[in-house]
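Remarks on the structure that follows.
Here the structure is a predicted model, which means the values were calculated and not measured.
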Amino acid sequence: MAEVKLAVTARTEFGKGAARRTRRAGLIPAVIYGHGAAPVHVSLPTHETFMALKHANALFSLELEGQTVLAIAKDVQRDSMRGDVEHVDLLIVRSGEKVNVEVSIQVVGETFPGTIHMLELQNLHLEVEATHIPGSIELDVSGLEAGTQVRAGELALPEGATLLGDADVVVLAVSIPQAAEEEEPEEAEAEV
């Protein structure tokens with residue numbers, strides 16, 4: 001994912017009332033923190049931020065008072081009814097620094113005819129360079145037969161990425177659909 005450049009403005013008011021006023025002005029209240037720096041309260045442009053947050057682990061290049069800061073969204077608070085972004089916590093990162101992120105698994109290809117695959121794990125926890133966070137991890141299931149299990153440690157990770165957690169956890173399992181298994185004995189009885 002490429003950097004999303006946003007021009008942000010510093011906020012001097014804090015609390016619920018100030019956050020509501022910020023949202024009424026068409027902006028999203030946010031806090032930038034990390035690397036031992038004091039938290040900085042800012043306002044983000046609503047549309048650009050909303051569009052960037054559609055991509056997991058978006059890298060933000062924030063222009064604030066003549067300085068550029070790289071950050072990733074650590075926490076996003078949304079309105080439970082409308083889905084609007086209400087507040088964003090941004091973590092400062094530096095080029096070359098490693099960060100812990102969750103990356104989704106994207107299944108491609110078709111398993112062996114007559115089989116189905118079940119994705120047991122939707123996301124992987126990885127340690128990656130902050131400026132090279134993958135959008136997803138691709139898992140090719142082409143030709144996999146019934147009974148095949150793919151474990152987290154078997155996935156091809158991008159260069160420099162490290163799997164965090166159990167490498168033996170099953171990510172994907174291939175099986176024969178249950179209805180197909182039930183039909184086979186009946187067909188065998190009919191042939192006799």
Side-chain angles (χ1 to χ4, degrees), residues 1-16 18-19 21-23 25-79 83-106 108 121-139 151-169 171:
M1 167 98 203
E3 289 179 21
V4 177
K5 295 185 180 192
L6 296 178
V8 300
T9 54
R11 289 188 298 138
T12 55
E13 294 183 308
F14 315 111
K16 284 184 183 179
R21 284 190 291 279
T22 301
R23 285 190 285 276
L27 301 169
I28 298 172
V31 176
I32 304 170
Y33 63 93
H35 288 283
V40 178
H41 297 267
V42 297
S43 299
L44 304 173
T46 302
H47 180 72
E48 292 87 346
T49 304
F50 182 77
M51 295 306 287
L53 290 173
K54 285 186 174 187
H55 304 282
N57 303 314
L59 180 65
F60 292 91
S61 177
L62 307 171
E63 298 285 333
L64 177 64
E65 298 173 354
Q67 292 184 344
T68 302
V69 176
L70 290 177
I72 58 173
K74 198 64 177 169
D75 185 44
V76 179
Q77 297 170 10
R78 296 181 185 269
D79 180 279
D84 295 342
V85 177
E86 292 198 331
H87 189 273
V88 181
D89 286 345
L90 297 163
L91 178 65
I92 297 171
V93 295
R94 294 193 177 119
S95 184
E97 175 184 15
K98 297 270 188 166
V99 293
N100 297 346
V101 294
E102 263 191 26
V103 179
S104 65
I105 299 170
Q106 181 76 33
V108 296
L121 192 65
Q122 302 292 323
N123 299 305
L124 283 180
H125 293 278
L126 300 177
E127 181 181 63
V128 296
E129 188 178 324
T131 55
H132 293 94
I133 300 172
S136 64
I137 301 296
E138 199 170 272
L139 171 54
R151 301 189 184 282
E154 298 170 355
L155 295 176
L157 300 178
E159 187 177 331
T162 305
L163 177 67
L164 300 176
D166 188 5
D168 289 331
V169 69
V171 173

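Contacts classified as salt bridge (charged side-chain N to carboxylate O under 4.0 Å, His left out) and involving residues 41-68 (residues at least two apart or in different chains) are not found.
Of all non-hydrogen atoms in L121 and I105, the two that sit nearest each other are O-CD1, 3.3 Å. Of all heavy-atom pairs spanning V31 and P39, the tightest one is CG1-CB, 3.8 Å. Contact record, P134 with V103: O-CG1, 3.7 Å, taken as the closest heavy-atom pair. The minimum heavy-atom distance linking S43 with L27 is given by the pair CB-CD1, 3.8 Å. When all heavy atoms are compared, the tightest approach of G34 to L91 is CA-CD1, 4.1 Å. When all heavy atoms of E129 and G96 are compared, the closest pair comes out as OE2-N, 3.3 Å.
Partner of L126 under the side-chain contact (heavy atoms from CB on, under 4.5 Å) criterion, out of L164, N100, T162, I137: I137 alone.
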### Task
Please report the C-alpha distance between L53 and F60 in whole Å, then the side-chain angles of each, then the deciding distance to 0.1 Å, and finally whether the side chain to side chain contact (heavy atoms under 4.5 Å, CB included) criterion is met.
CA-CA 10 Å; L53 290 173; F60 292 91; 3.9 Å; yes
### Task
Show your working on side chain to side chain contact (heavy atoms under 4.5 Å, CB included) between I32 and V42 and close with a plain yes or no.
CA-CA 7 Å; I32 304 170; V42 297; 3.9 Å; yes
### Task
Show your working on side chain to side chain contact (heavy atoms under 4.5 Å, CB included) between L124 and L157 and close with a plain yes or no.
CA-CA 10 Å; L124 283 180; L157 300 178; 4.1 Å; yes
### Task
Apply the test side chain to side chain contact (heavy atoms under 4.5 Å, CB included) to residues D166 and R151: give CA-CA distance (whole Å), side-chain angles for both, the deciding distance (0.1 Å), then the verdict.
CA-CA 9 Å; D166 188 5; R151 301 189 184 282; over 6 Å; no
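Side chain of R23 to backbone of E86: a donor-acceptor contact under 3.5 angstrom is found. In terms of modelled atom types and a separation under 3.5 Å, the side chain of R78 and the main chain of V85 share no donor-acceptor contact. A side-chain donor-acceptor contact under 3.5 Å links T46 to the backbone of G26.
Under a cut-off of 6.0 angstrom, the local environment of NE2 in H47 is sparse, with at most 12 non-hydrogen atoms contributed by other residues, nucleotides or ligands. Atom NZ of K5 has 12 or fewer heavy atoms from other residues, nucleotides or ligands within 6.0 Å.
Looking only at side-chain heavy atoms (C-beta outward), H132 and P158 stay at 4.5 Å or farther from each other. Side-chain contact check for L90 versus L44: some heavy-atom pair is nearer than 4.5 Å.
Rounding to the nearest 0.5 Å places CG of D168 at 9.0 Å from CD of E154. Here CD of E97 is found 8.5 Å from CD1 of I72. Values are rounded to the nearest 0.5 Å. Rounded to the nearest 0.5 Å, atoms CD1 (I133) and CG (N57) are 5.0 Å apart. To the nearest 0.5 Å, atom CG of residue L62 and atom CD of residue Q67 are 11.5 Å apart. Once rounded to the nearest 0.5 Å, the distance linking CZ of R94 with OG1 of T131 reads 13.5 Å. From R21, atom CZ reaches atom NZ of K16 across 13.5 Å, with rounding to the nearest 0.5 Å.
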